[in-house]
Structure formats: C-alpha cells, structure tokens
Amino acid sequence: MRVVVTGMGIVSPIGIGTDNFWKNAVGGVSGIRPIESFDATGQRSKIAGEVSGFDASDYLSVKCVEQTDRFAQFALIAAGQAVADAGKLAAYEPHRLAVSIGTGMGGYATYESSAARYFRNQSTPPFTVPKTMANAAGAWIATEHKCRGPNLTFSTACSSGGHAIGAGLQLLRTGQADAVIAGGAEACVLPLTMAGFNALRALSTGFDDKPAQASRPFAKGRDGFVMAEGAAVLVLEREDAARRRGAAIHAVLAGYGSSCDASHLVAPDLEGQAAAMRAAVADAGIEREAIAYVNAHATSTPVGDIIETRALKNFFGSHAARLSISATKSLLGHTIGASAAIGSVATIMTLRTGVIHPTINLEQADPECDLNYTPNIAGRCDVQAGLCNAFGFGGNNVSLIFTTVK
Amino acid sequence: METADIESKVIAFIKEAVHQENPVEIKGTTSFNDLGLDSLDIAQLLFEAEDAFGISFDLEKATDITCIGDIAAYVAKHQPRTAA
C-alpha cells in the first residue's frame, strides 16, 4: 500500500502558490529583504524572508482574519490551495479526513503583541490564547474543510513540518484516516523572537546591506541563518483510493524517519542526522543509492552545514558524491516549522520536472562542504527518489522520502 | 456626552466592528444573539469597545451586558471625564 501526494499549496517569501514558488526557486530568486513588518532598528539582524505585501483579507473572510494569527493564515491559505489542487476530498467521510500541522512557535505574533499590552498595563485581547495556541492552524483548517478525523499538531522546532507530514503517512498506513491535510506553518519574523535567536548568535548579521546574499548555505563567509516565514501543505491519500476517485498524483510519500540527538539542546549532531536518513530509507524500502536528490536542511550556519555534509557522507558513503543537493533556505531563509513542508514541495517539484533548483550565493564553497549543492544555476537530473531533511532544536531530526509514481 | 449621542456612537462602532454575513438593523435593543455573536465574539467586541470609548469593562459585570443599549449605558456611566 502506497501513500501519495495529490495536492500541494504554499505561501513563501518567493511566491504564493506552487507555480510562483517553483518558477522563482528555479530562477534562483532571493526572498530576503530588510524587515518590513516591524521597526528592526534595534535588532542585530535586520533582514528576513517575509511574505512581502501579504494581505490575509485577499484570501480569508474578515472574521477569520480578525480571529487568526499570521501563521494560521498562512496555513489556511496553503491548505486551501492544496485541497483545491487535490479536488473532491468530499469523496471521503468527514470523520476520515485528518489534519496534521507543524509549527515551531505557533501564534507568536499574537503572543508578543498581547504581552507588550499586558506589561504596559493595557487590557488583554480575548483572542490572545486562541490565536497563539499552536493547534489553532489545524483547528481552522479542520473547520474550513470539515475534517472531523484526527487533528494533530507537532512542535519540534525546525523539524515540526516534517513530523506533521510523517504522521500523515502513519495515519494513512494504519487506516486511521482516508486523507490527511499535512504540512507546516510559521510566522515569527517578530521583535522578541528575532532578539531571542540573536541572543543565541544564530542569525546572520553581516549582510544587512546586501540581504539577498545573507543566506548562503555551504558557502564561505556564511554567518548564520536568516529568519523567514511561510507555510506549505500537502494532501496525502492512499494510492488505491486516490486512483478510484480519479485524482492526479504528484508523487509517492515513501518514507519517514526520525531520531533525537539526545546530546545537546541546540548543537547539530552527525549521528542523529544520519540516523534519521537511515530510518527514512529503511521505511521506504529502497536502496540508499536510489536517492538522487537531497533537499538539505542547510540553514547557513557555520557549524550546521558542515555537520549535515558529514552526515550525508556518513550515511550515503561513496554515493554522497553523486547526489544532487540543493538548499531551499538559500532562497527563502529559514521558515522554521514550515521548512520541511516547503522543502517537501521543492522535492516533489524536482521529481515532477527533473529540475533541481539552485543553492544561491555559492560562488565559493566552504572547503569542508564539498558535495554537489547545485551552485547558483538550476540543474537537471532524472530523479526517481528524493530525500528532504529537517533538523530542529532539541535534536529533533526528520527525513522524508518522496518518489515518482513509477 | 448625552446618552442618546452615546448610543448612536456605539451603534456606529458596532456596525464597524461586527462583520455580519446577514446584516440586521442595529438599534439599542439589538441583542448580541440577534447579531449572531458567540461568547468569543462578544469578548472581542467589548475589548474593542474599551479602546474605542476609553473605558474598562468590569468582567464580573460584563455578563449583564447582552444588548447594544447595555454597552451604551455602561459607557455613559463610566465615560472618562474630559476637561470642560
């Protein structure tokens, strides 16, 4: 029994909708600019990948906009696109429709603004809690699409969306649902959250005057990740049922592997990352040599990109040198809990088109990062299987494997 | 401010704040129920009214507020004194 992807939706700093996102990804367009949504004068990092010019009321009802945080709005819009793409989910009973969403921070825009009011002795907005709670996105998606089955939310920092999609696979394999709306959403380009990441020295600070060059995974001179926001959502179904209802199939979600480093709260760990990839390949029941493309986690931190390179070599052995790899975060920045879902969309588009989007800003690679990262210009490759990595704070590692329908 | 003035200002505020799918005429006796507001909607409305009218609702007593006229009466009773 195979689980397939029949719908995709995305809200990203380089485009809303899969076609817009993919056109700009292949073209190597950067979505990173000076922060627009708040005054970043006092921040050490003054740039981000924002969904520029986004107006939720273009997509959602006035009441929904008023009652949702930005992360839930992104999730709702991406889910709407994915469901429209999948078509006719009404073929299934409502209690057989599940939702599985990942988010690192949840509704932190609401939380930060309500906290600011509270500490100024102003009254507290009644929607503080229902807009902030991490499961708000899943709840709204369920309400909008009448999904009365399991409704799950995962918060494992930067791998949240990966767990959410992996859990969708499990729900379908175990027969707990007939279709799952699964993905990740994040909207934490925010003053306090940015200051927190800055305090960890995690963010890029040396490229405020040339933001498009700031996110530079695997490149010499990289100095941290660039905060970003967005959402991506997939519709997952069992292949036989999807075919019965005549759905167009984008790809097979073949494997899900996860691990915990169990070593350090924020430092990446080669063994843990390799373990997640190994588990995903075993779950998919394929040889590791079948993987031709890797959508790397690759956040552009000095340590992280080296560790991931070593983990890829550790797991793939000599096959690592033959992999085509690309870093979606070079284009967008790091969308935290949405990043695995966005990486999944990029992986699926690679399977469908045979085109590998470039890792931009890779004029000169770090000598310790010596694999084929598809530098600066899109590549072509006949990819039958692709792996998407997501590694989060807490040592939470996820790898997902997508294959073509063949 | 006269009570009648306050009520017309509250009605104008409600028209702006409440996004009705099936608009009903709003007058003093219009209840939250008539407007199709649930408890969360009412909490949000009173929150916005606090900012709009410079008052603060006592949440213990806010349960007595069930219609537009109740808001106007509360505002009239608690309106901030302005310099003459």
Side-chain angles (χ1 to χ4, degrees), chain A residues 38 54-73 75-77 80 106-146 148 151 153 187, chain B residues 6 9-26 30-68 70-81:
Chain A
F38 69 93
F54 172 76
D55 183 350
S57 61
D58 291 345
Y59 305 89
L60 306 170
S61 72
V62 180
K63 183 167 174 171
C64 178
V65 171
E66 192 175 275
Q67 299 186 355
T68 47
D69 186 88
R70 188 173 170 95
F71 96 104
Q73 293 168 1
L76 266 169
I77 294 163
Y108 250 53
T110 302
Y111 188 76
E112 287 197 14
S113 64
S114 287
R117 287 183 65 95
Y118 182 81
F119 291 114
R120 286 196 301 257
N121 291 318
Q122 294 171 310
S123 60
T124 303
F127 275 90
T128 298
V129 172
K131 284 170 74 170
T132 300
M133 62 190 196
N135 62 319
W140 275 97
I141 290 169
T143 304
E144 183 69 25
H145 299 286
K146 295 288 165 273
R148 300 186 195 277
N151 194 299
T153 297
Chain B
I6 291 173
K9 282 191 164 53
V10 169
I11 289 171
F13 159 76
I14 299 288
K15 283 181 176 163
E16 186 72 25
V18 177
H19 315 290
Q20 290 181 269
E21 283 170 21
N22 303 302
V24 296
E25 191 197 347
I26 297 176
T30 305
S31 71
F32 297 147
N33 202 32
D34 295 334
L35 292 168
L37 303 181
D38 62 25
S39 60
L40 258 179
D41 296 330
I42 295 164
Q44 177 69 18
L45 185 71
L46 296 181
F47 168 73
E48 290 176 17
E50 286 184 339
D51 276 0
F53 297 102
I55 54 163
S56 177
F57 285 102
D58 179 343
L59 290 177
E60 297 298 316
K61 292 177 184 158
T63 51
D64 298 339
I65 298 173
T66 59
C67 71
I68 305 310
D70 292 344
I71 295 182
Y74 195 100
V75 171
K77 194 171 168 190
H78 298 89
Q79 61 183 316
R81 294 179 190 286

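Chain naming here is simple, since letters A, B, ... match the order of the sequence lines and numbering starts at 1 in each. Heavy atoms only: backbone and side chains are in, while hydrogens, waters and symmetry mates are out.
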Under the criterion side-chain contact (heavy atoms from CB on, under 4.5 Å), I'd like the reasoning laid out for B:Asp51 against A:Gln122: C-alpha separation, chi angles, the key distance, then a yes or no. CA-CA 10 Å; B:Asp51 276 0; A:Gln122 294 171 310; over 6 Å; no
Atom OH of A:Tyr111 with >12 non-hydrogen neighbours under 6.0 angstrom: no
Quick check: are there more than 12 heavy atoms from other residues, nucleotides or ligands sitting under 6.0 Å from OH of A:Tyr118? no
Checking B:Glu50 against chain A: side chain, backbone, both or neither under 4.5 Å from a heavy atom? side chain
Of all heavy-atom pairs between B:Leu40 and A:Pro130, which one has the smallest distance, and what is that distance? CD2-CG, 4.2 Å
For A:Pro126 and B:Ala43, which heavy atoms make the closest approach, and how far apart are they? CG-O, 3.1 Å
Inter-residue atom distance A:Glu66.CD - B:Glu48.CD, 0.5 Å rounding: 5.0 Å
